[in-house]
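A, B, ... follow the sequence lines: proteins, then strands. Residue 1 opens every chain.
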Protein chains: 2
Amino acid sequence: MRMGRKSSESMNGANRSYLAQKLTKGGARLTAQRKMLVEIIQNSTGHLDAASLLRLAKRRDSRIHRATVYRTLELLKRLRLIDELDLMHLEGEKHFYEPRTRSEHFHLACFRCGKILEHNTPTFERLKKEISEQTGFKIEVIRLEAGGQCEECRAQADSSQSDASRAAR
Amino acid sequence: MRMGRKSSESMNGANRSYLAQKLTKGGARLTAQRKMLVEIIQNSTGHLDAASLLRLAKRRDSRIHRATVYRTLELLKRLRLIDELDLMHLEGEKHFYEPRTRSEHFHLACFRCGKILEHNTPTFERLKKEISEQTGFKIEVIRLEAGGQCEECRAQADSSQSDASRAAR
DNA sequence: CGTTAAATGCGAATGGGTCGCAAAAGCTCC
DNA sequence: GGAGCTTTTGCGACCCATTCGCATTTAACG
């Protein structure tokens, strides 16, 4: 393919075979673009949207195309290597992505300051189990998101006007 | 305004004052369009998207505009009269809406047959409480959605090919 | 009723995401 | 390690849900 890259970069042997295994199982090919995109996602700290991912990828190889990013995200989603988030549409309709390698958690989006908190409790695990048991539904993907006010913003809000008068209009 | 309507329709006095109260609290005006849209949403059984809502509204008054529907949905969301759902993007990126009058529940979207199940358990309530207690976050909106396979589709899937080979590519 | 700020209709614009196609690159098998 | 077949990529046009700016209309309050 078009990318003259040294295949070292920041991927070690172990990671590579893991990815290769995941990607090639079933017919998906391990292309330079896919390797690069997965690397970027794995190494990123925050929550990436498609446009940011494209921007970062273009820094390594400017020839990569938007469509490839979207197609790769779709693939990784199907393979369960990443999760797709909406983050309560705090920043419009775009989606965010995070690797599934980290431990499970859900997201709390502060409507005031825009901060995204990650959290988890054993009750979430229990809830998932109950859902399956009670409904017979096999959960493949689950997304829990809340919007509201973080602790800091709450403190500020208390000394300001009421929510109701701000909400209407 | 442009709509020559008898203000009776299917809204009774109690509902009307409830809406009037909710809408006018803080400056929002009780227009004929808003009353109509809220009525349609309240009386609808399934999950409405903006386009369906517009279609239904046009049946009552063809002059209502798309933008009004979107603006009203935005308003109702802010006033907490409706919840916005993504339903795991089973049908593209559009949003669905449901009145908050029904009791709380979350949604399970079957990737196979497209069915949307509604469910709830006391553990969900407990989870919300724990989130607030543990993080200090004040939850204003919460959305729990799962995607996977419903009981019926699971039975069928068992006698068919494996998930993995279907997912890759 | 008259006034005035808010809401509507309109159509153009935006923005995230998708598609069809020809060229290019992985994979497989020898 | 190259031929040959299949998947993937780049590309740009396209799609679809949603938003915007502005002139006109209307609800709400006096």
Any protein N or O atoms within reach of nucleotides 2-5 of chain C? Criterion: under 3.5 Å, listing atom names and distances.
unit_1 : atom_1 : unit_2  : atom_2 : d
C:dA5  : N3     : B:Arg29 : NH1    : 3.2
C:dA5  : N3     : B:Arg29 : NH2    : 3.1

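If you measure from atom CG of A:Leu73 to atom P of C:dT18, you get 10 Å, rounded to the nearest angstrom. Remark: P of D:dA17 and CG of B:Leu48 are 15 Å apart, rounded to the nearest angstrom. Between the P atom of C:dG20 and the NE2 atom of A:His65 lies a distance of 15 Å, rounded to the nearest Å. Separating the NE2 atom of B:His89 from the C1' atom of D:dA17 is a distance of 12 Å, rounded to the nearest angstrom. Atom P of nucleotide C:dC10 and atom CD1 of B:Ile64 are separated by 11 Å, given to the nearest angstrom. B:Lys58 has its NZ atom 12 Å from the C1' atom of C:dT8, to the nearest Å. Nucleotide C:dC10 holds its C1' atom 15 Å from the CG atom of B:Asp61, rounded to whole Å. Computed from coordinates, the B:Glu91 CD to C:dG17 P distance equals 18 Å when rounded to whole Å.
When distances run from any side-chain atom of B:Thr31 to the nucleotides D:dT9, C:dT8, C:dC19, the shortest one goes to C:dT8. Residue B:Ala67 places its side chain closer to D:dC20 than to any other of D:dC20, C:dG17, D:dC11. Considering only the side chain of B:Arg66, C:dA12 comes nearest among D:dT8, C:dG17, C:dA12. Of the candidates D:dA28, D:dG10, C:dA7, D:dA28 carries the atom nearest the B:Thr24 side chain, counting heavy atoms from C-beta on. With C:dG9, C:dG17, D:dT8 as the choices, the nucleotide that has an atom nearest any side-chain atom of A:Ala28 turns out to be D:dT8. The listed nucleotides are C:dT8, D:dT9, C:dG17; the one nearest the side chain of B:Thr68 is C:dT8.
A:Arg71 contributes no side-chain N or O that forms a donor-acceptor pair with the base of C:dG17 under 3.5 Å.
For the residue pair A:His47 and A:Glu118, a side-chain donor N or O sits within less than 3.5 Å of a side-chain acceptor on the partner. One side chain, B:Glu130 or A:Thr123, offers a donor N or O that lies under 3.5 Å from an acceptor on the other. Judged purely by distance below 3.5 Å, without hydrogens or angles, the side chains of B:His95 and A:Glu93 pair a donor atom with an acceptor atom.
Side-chain N/O atoms of A:His95 include none lying less than 4.0 angstrom from OP1 or OP2 on C:dG16. An OP1 or OP2 oxygen of D:dA27 is reached within less than 4.0 angstrom by no side-chain nitrogen or oxygen of B:Gln33. Applying the 4.0 Å criterion to OP1 and OP2 of D:dT19, one finds that B:Tyr70 has every side-chain N and O outside that range.
Comment: A:Glu39 engages A:Arg60 in a salt bridge, judged by a side-chain N to carboxylate O separation of less than 4.0 angstrom. Between B:Glu140 and B:Arg80, at least one side-chain N (NZ, or NE/NH1/NH2) sits under 4.0 Å from a carboxylate O, which counts as a salt bridge.
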B:Glu104 and B:Lys128: CA distance, side-chain angles, deciding distance, salt bridge (charged side-chain N to carboxylate O under 4.0 Å, His left out) verdict: CA-CA 12 Å; B:Glu104 183 139 36; B:Lys128 288 193 290 182; 2.5 Å; yes

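Residues meeting the side-chain contact (heavy atoms from CB on, under 4.5 Å) test with A:Thr101, sequence neighbours left out: A:Gln42, A:Pro99.
If you check every strand for non-hydrogen atoms under 4.0 Å, A:Ala51 touches nothing.
In this structure, B:Glu98 and B:Glu84 have side chains that are not in contact, with every pair of non-hydrogen atoms separated by 4.5 Å or more.
With the nearest nucleotide of DNA chain C identified for both B:Arg34 and B:Glu93, B:Arg34 has the one nearer the 5' end.
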